[in-house]
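What follows is one structure encoded as structure tokens, with my remarks underneath.
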Amino acid sequence: MQAFKNQTLKIYNSLSGKKEVFKPINEGHIGMYVCGPTVYSNVHLGNCRTFMSFDMIFRYFKHLGFKVRYVRNITDAGHLVDDADDGEDKIAKKARLEQLEPMEVVQRYTVDFHNILEKFNFLPPSIEPTATGHIIEQIEIIKTIINNGFAYEVNGSVYFDVTTFNEKKEYGKLSGRKLEDMIANTRELAAQSEKRNPQDFALWKKAEPEHIMRWPSPWGDGFPGWHLECTAMSTKYLGETFDIHGGGMDLKFPHHECEIAQAEACNGHSPVNYWLHANMLTLNGKKMAKSTGNSILPNEIFTGENTFLSKAFSPSVVRFFMMQAHYTSILDISNDALLASEKGFNKLMEAIDSLNKLPVKNNSTFNIEQWRQQCYDAMNDDFNSPILIAKLFEAVKQINLIKEEKGSITQENKTILTETLNSFVFDVLGLEDKNTTDNSSNKIDGVVELLIELRKEARENKDFATSDKIRNQLAEMGIELKDGKEGTTFNIL
RNA sequence: GGCAUCGUGGCCGAGUGGCUAGGCACAGCUCUGCAAAAGCUUGUACAGCGGUUCGAAUCCGCUCGAUGCCUCCA
């Protein structure tokens with residue numbers, strides 16, 4: 001199925017600042033690279049939002065029938081704690097603090113990262129390469145950049161020469177900065193004498209004797225600069241020019257700017273056709289960041305053990321909440337917003353659960369084809385998941401009308417409705433229905449059905465004391481009974 | 001200080017130069033033994049001040065405010 005042939009997809013390209021019609025380099029194929037996490041602590045919710053946005057985009061491409069190679073790296077070296085060129089490596093610092101081998105730190109938090117993503121129902125990327133696994137490729141790129149005259153070696157370290165690069169190419173085009181402005185606004189930094197200019201950034205850093213993470217290179221023992229790994233891995237797996245590069249908004253500068261500079265200095269041309277940037281998740285109106293303490297861990301939401309929220313929320317509710325905002329908008333998380341999303345999510349799931357039993361007539365009161373195309377239109381317009389969800393709720397309304405016998409649907413349309421809802425809700429948005437549950441809850445279902453039957457008999461005998469007792473006690477256990485035209489159904493909260 | 005983004009009804013959040021998403025909350029009605037659920041109905045918002053226009057929340061300018069980046073962060 002190659003549905004993409006019938007759809008025109010528009011994407012907001014950060015590089016041009018415009019929505020552009022998406023045209024992959026090779027028809028039917030997409031290469032997409034997304035900057036992954038630095039695995040030095042537990043992944044926080046803001047990270048998750050970015051990756052979730054690209055998971056949704058990945059899912060939609062696949063749904064349209066594209067063959068996608070999705071590369072998302074793991075940064076396990078080279079990312080410094082402090083100033084870009086003078087700080088301690090994040091992983092190494094954590095290892096020192098926790099008295100672990102750096103690779104123990106990497107392993108621990110990589111496992112955590114995967115666990116959380118699995119709970120959020122992420123699709124795994126096609127390739128998940130690590131920085132330490134690509135030291136050789138990074139060294140090769142540095143050699144080429146030096147040969148091309150855009151980098152210089154000082155005392156065992158190699159720096160990218162931004163000034164020289166800017167004379168031949170353009171440094172700052174992604175983030176809208178001009179090198180002259182940056183020079184004029186440079187703040188005083190101590191002990192930066194090694195570099196020719198403060199704007200220059202490290203491609204390779206000499207390892208001091210106490211530095212644990214080190215590799216041999218033509219310039220002596222050292223470790224690669226942070227920006228380099230993404231250039232090395234994206235080039236290796238997706239080629240010198242590929243379709244999509246994504247990441248968080250905060251990586252636009254300097255990280256992505258430096259990637260462009262490195263790739264152009266190395267290969268002579270632009271590495272990426274479409275740059276996508278996911279916006280920040282804020283908590284209490286401020287950006288979430290581990291370093292400031294204004295952050296919440298996914299598990300703290302799932303368990304309810306946190307100071308920000310009144311109760312626990314499931315991964316699907318959080319996912320639904322995030323999908324209700326456009327990926328390029330700042331989204332503020334709050335207790336009220338999550339409560340509202342939870343109700344909306346449950347309403348959506350109940351409608352989908354009731355599809356099987358939906359009665360069929362020989363006419364439809366719902367223009368299903370038009371509705372379905374509107375769902376695609378929403379996603380084709382820069383992955384507008386909030387509009388898509390609005391459309392899904394239009395379908396929910398129709399389903400409920402049909403249940404109330406105030407509307408009708410044909411078998412053929414019902415099939416389309418079911419397929420479309422399943423595709424968008426589960427395949428594209430990546431939500432999970434909590435009612436698709438395991439064996440033990442099937443038994444609970446059976447018990448509840450029995451109680452519903454007993455209550456029905458009590459009601460028929462006008463024994464409301466008994467019927468209310470059943471209803472109230474189930475409610476206390478978090479099982480809600482709903483009396484409808486077709487009989488009583490229930491919902492486990 | 002520089003660069004950038006944004007400011008939408010009680011809350012969260014889309015969007016377009018005129019036809020004004022959606023969710024949650026609230027109110028009324030229908031249904032119901034009662035309730036819940038579900039359905040229907042109502043709520044006309046776009047920071048402020050100017051300007052362009054037949055018409056702007058949507059375009060332009062200014063003011064105020066918020067956030068992000070400029071230093072590690074998705």
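In the text below, chain A, chain B and the rest are named by the order of the sequence lines, each starting its count at 1. Worth knowing before you read on, the calculation uses all heavy atoms, side chains too, and leaves out hydrogens, waters and symmetry mates.
Across all strands shown, B:A57 remains unpaired; no Watson-Crick or G-U wobble contact has both distances below 3.5 Å. B:A38: Watson-Crick or G-U partner is B:U30, with both key distances under 3.5 Å. With a cut-off of 3.5 Å on both Watson-Crick or G-U wobble distances, the partner of B:C62 is given as B:G48. Base pairing analysis places B:C24 opposite B:G10; the two distances defining the Watson-Crick or G-U wobble pair are each below 3.5 Å. Summarising the base pairing, B:G68 is matched to B:C3 through a Watson-Crick or G-U wobble pair whose two defining distances lie under 3.5 Å.
Ranking B:C24, B:C12, B:A74 by closeness to the A:Phe321 side chain, first place goes to B:C12. For A:Lys406, counting side-chain heavy atoms from C-beta on, the closest listed nucleotide (B:A74, B:A21, B:G39) is B:G39. Residue A:Asn47 has its side chain nearest to B:A74 when only B:G39, B:A36, B:A74 are considered. Among B:G39, B:A21, B:G13, the nucleotide with an atom closest to any side-chain atom of A:Asp332 is B:G13. In the set B:G23, B:A21, B:A37, the nucleotide with an atom closest to the side chain of A:Lys482 is B:A37.
Between A:Lys343 atom NZ and B:G23 atom P there is a gap of 14 Å when expressed in whole angstrom units. Rounded to whole angstrom, the span from the CG atom of A:Leu251 across to the P atom of B:A4 amounts to 20 Å. Taking atom CG on A:Asp250 and atom P on B:C69, their separation rounds to 6 Å, with Å as the unit. Rounded to whole Å, atom C1' of B:A74 lies 11 Å from atom CZ of A:Phe122. Look at CG on A:Leu338: it is 13 Å from C1' on B:G23, rounded to the nearest Å. Nucleotide B:U71 holds its C1' atom 19 Å from the NZ atom of A:Lys252, rounded to whole Å. For the pair A:Glu476 CD and B:A36 P, the interatomic distance rounds to 17 Å; values are reported in whole Å. When the P atom of B:A36 is taken as reference, atom CZ of A:Arg459 falls 14 Å away, rounded to whole Å.
Using atom P as the reference point in both B:G61 and B:A21, the two lie 28 Å apart (nearest Å). Rounded to whole Å, the P atom of B:A14 lies 37 Å from the corresponding atom of B:U30. Here, B:C60 and B:U52 have their C1' atoms 7 Å apart, quoted to the whole Å. With C1' as the reference atom, B:A25 and B:C12 are 11 Å apart, rounded to whole Å. When the P atom is compared between B:A27 and B:A56, the two are found 37 Å apart, to the nearest whole Å. Separating the C1' atom of B:G48 from that of B:G7 is a span of 11 Å, rounded to the nearest Å. Comparing the C1' positions of B:U20 and B:A4 gives a spacing of 30 Å, expressed to the nearest Å. Comparing B:C49 with B:C64, their P atoms sit 15 Å apart, to the nearest whole Å.
Note on A:Phe253: only backbone sugar-phosphate atoms sit closer than 4.0 angstrom, heavy atoms only; bases stay farther off. Within 4.0 Å of A:Gly247, counting heavy atoms only, lie sugar-phosphate atoms of the nucleic acid but no base atom. Nucleic acid contact for A:Arg471: base, since at least one base atom lies under 4.0 Å from a heavy atom of the residue. Among the heavy atoms of the strands lying under 4.0 Å from A:Lys347 are primed sugar atoms or P, OP1, OP2 only; no base atom is included. Note on A:Lys397: only backbone sugar-phosphate atoms sit closer than 4.0 angstrom, heavy atoms only; bases stay farther off. Counting non-hydrogen atoms under 4.0 angstrom, A:Ala325 reaches the backbone sugars and phosphates but no base. Looking at heavy-atom distances under 4.0 Å, A:Leu339 makes no contact with the nucleic acid at all.
Look at A:Asn384 and you'll find a side-chain N or O under 4.0 angstrom from OP1 or OP2 of B:G15. Applying the 4.0 Å criterion to OP1 and OP2 of B:G68, one finds that A:Thr282 has every side-chain N and O outside that range. When the side-chain nitrogen and oxygen atoms of A:Asn400 are compared with OP1 and OP2 of B:G39, one or more of them lie within a distance under 4.0 Å.
Going from atom CG of A:Leu15 over to atom NZ of A:Lys252 covers 9.0 Å, rounded to the nearest 0.5 Å. With rounding to the nearest 0.5 Å, the separation of OH in A:Tyr12 from OG1 in A:Thr328 is 8.0 Å. Here A:Glu259 contributes atom CD and A:Cys230 contributes atom SG; the two are 4.5 Å apart, rounded to the nearest 0.5 Å.
A:Phe122 carries A:Arg319 over the face of its six-membered ring, with the cationic atom under 6.0 Å from the centre and within 45° of the normal.
In this structure the side chain of A:Tyr327 reaches within 4.5 angstrom of the side chain of A:Phe383, judged on heavy atoms.
Closest-nucleotide positions on RNA chain B for A:Leu331 and A:Ser175 were compared, and the one nearer the 5' end corresponds to A:Ser175. Each of A:Ile389 and A:Lys462 was assigned the nucleotide of RNA chain B with the nearest heavy atom; the assignment lying further toward the 5' end belongs to A:Ile389.
A:Asp468 contributes a side-chain N or O that forms a donor-acceptor pair with the base of B:G33 under 3.5 Å.
Using cut-offs of 30° and 60° on the angle between ring planes, the pair A:Tyr171 and A:Phe253 is perpendicular. Aromatic ring pairs are classed by plane angle as parallel below 30°, tilted from 30° to 60° and perpendicular above 60°; the pair A:Phe201 and A:His227 is perpendicular.
Of the residues A:Tyr33, A:Tyr70, A:Phe51, the one that meets the ring-ring contact (aromatic ring centres under 6.0 Å, His included) test with A:Phe58 is A:Tyr70.
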